[in-house]
Amino acid sequence: MNWLTNWSPSWQWFHRLGSPRWFYQTTGRWLPWLSLLALALLGTGLVWGLGFAPQDAKQGNSFRIIYLHVPASFLALAGYYIMAIAGAVGLIWKMKLSYMVMKSAAPIGAVLTFLALFTGAVWGKPTWGTYWVWDARITSMLILLFLYLGVLALQYAFQSNEAGNKASAILALVGTVNIPIIYKSVDWWYTLHQPATIKLTSAPSMHPDMFQPLLVMILGFYCFYVVALFLFTRAEILRRERKTTWVKELVLGEPQS
Amino acid sequence: MKFQFENLQQMFIMEGHGPYVWTAVLVSVAMMVWLIIKPLADRRAALKDVAADSARTAKSNGET
């Protein structure tokens, strides 16, 4: 717990947080436990949701898709905050690690947004009778997917890393206007997509027997997200820092397979 | 809490909604597994790169 005792006299903790080496070593210690937790939560939540939660009175069994659709959508949005904040920190403090986190958040966010759209589509077919409608919520989620892909593409569109990082960060920050639109879309435009089931400010409009496994799945997705973000960032750290002494020492100390 | 289906086969069919539910599950699991495998493969490739680099340097140092 050195970092706790050292942090007050100076900005040392902040610099350490920005050190790729420190990040690599610390996350290496956390990863086994986080992965285990993610796996346990996702496994429990999925079996509970698919087999044991009661079926919906109106939608029948198709409602079970909620156990993937809602957590994926949650993390698609939460991941955007992570990416935009990491981009902002990179722009303001010129922190290398922050840009690496931003770059790593893009593919994960894109996949989760795609999953939110995909699971929504296969849920829509038996429920609404169609895979796709240009509903406000769905369209704004599609824009979110394009924003993630745009950040990813900008990383490779420039000769220099720095220019790519800056461009990605600016796009990520500009794109945050889309986030409140996504949240509010179901209230502003009353179209096909149903309003939020879970709100921080009020009790969920869902029976506890259905809600509890959903909560487990959401927690599982959060843990999964952190694991994936750590893994992507660690790979990026090794790639960018391959000329440094600490990475060389790391390789020499580690038996190659 | 009780199991909602008579048997596993019924759970697979889900009164006709099975194809939708299980497609969602399979695609989600596949893409989430990819999100884990991809960075692990990248990490491995990066480590190999560094090892090859070190070996080259060591060799050229030995020659001079």
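So that the names make sense, note that chain A is the first sequence line, chain B the second, and so on, each numbered from 1.
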Tell me whether Asp53(B) is salt-bridged to Lys248(A), with the criterion being a basic N under 4.0 Å from an acidic carboxylate O.
no
Check each atom of Tyr225(A) against the heavy atoms of chain B and say whether the ones under 4.5 Å are side chain, backbone, both or neither.
neither
Ala46(B) portion near chain A, given a 4.5 angstrom heavy-atom threshold
side chain
Trp123(A), part contacting chain B, at a heavy-atom distance under 4.5 Å:
neither
Would you mind telling me which of Asp42(B), Asp49(B), Leu35(B), Ile36(B) has the largest number of heavy-atom pairs within less than 4.5 Å of chain A?
Leu35(B)
Does any backbone or side-chain atom of Phe118(A) lie under 4.5 Å from a heavy atom of chain B? Answer side chain, backbone, both or neither.
side chain
Approximate separation, where rounding is to 0.5 Å, of Leu40(B) CG and Leu231(A) CG
5.0 Å
Quick one: of Ala53(A), Ala72(A), Gly60(A), who has the most non-hydrogen atom pairs under 4.5 Å with chain B?
Ala53(A)
Under 4.5 Å from a heavy atom of chain B, the part of Phe114(A) involved
side chain
Greatest number of non-hydrogen atom pairs under 4.5 angstrom with chain B, of Val227(A), Ile65(A), Thr119(A), falls to Ile65(A)
So CE of Met11(B) and CD1 of Ile13(B): to nearest 0.5 Å the spacing works out to 12.5 Å
Just by modelled atom types, is the Ala76(A) backbone N or O under 3.5 Å from a matching donor or acceptor in the Tyr148(A) side chain?
yes
Contact part of Arg234(A) toward chain B, heavy-atom cut-off under 4.5 Å: side chain, backbone, both or neither?
side chain
Is it true that a side-chain atom of Ser104(A) and a backbone atom of Thr233(A) form a donor plus acceptor pair closer than 3.5 Å?
yes
Between Val111(A), Leu50(A), Leu112(A), Asn61(A), who has the most heavy-atom pairs with chain B when the cutoff is under 4.5 Å?
Asn61(A)
Identify which part of Met14(B) has an atom lying under 4.5 Å from any heavy atom of chain A, answering side chain, backbone, both or neither.
both
So how far is it from Leu41(A) CG to Leu215(A) CG, rounded to the nearest 0.5 Å?
10.0 Å
Contacts of Glu236(A) meeting salt bridge (charged side-chain N to carboxylate O under 4.0 Å, His left out) (sequence neighbours excluded), chain-then-number -> Lys103(A), Arg239(A), Arg240(A)
Does any backbone or side-chain atom of Phe224(A) lie under 4.5 Å from a heavy atom of chain B? Answer side chain, backbone, both or neither.
side chain
Whether the side chain of Ser60(B) engages the backbone of Thr57(B) through a donor-acceptor N/O pair (distance < 3.5 Å, no angle test) should be reported.
yes
May I ask you to decide whether Glu241(A) forms a salt bridge with Arg21(A), counting only side-chain N to carboxylate O separations under 4.0 Å?
no
Answer with side chain, backbone, both or neither: which region of Ser54(B) has an atom nearer than 4.5 Å to a non-hydrogen atom of chain A?
side chain
Side chain / backbone / both / neither for Leu115(A) at chain B, heavy atoms under 4.5 Å
side chain
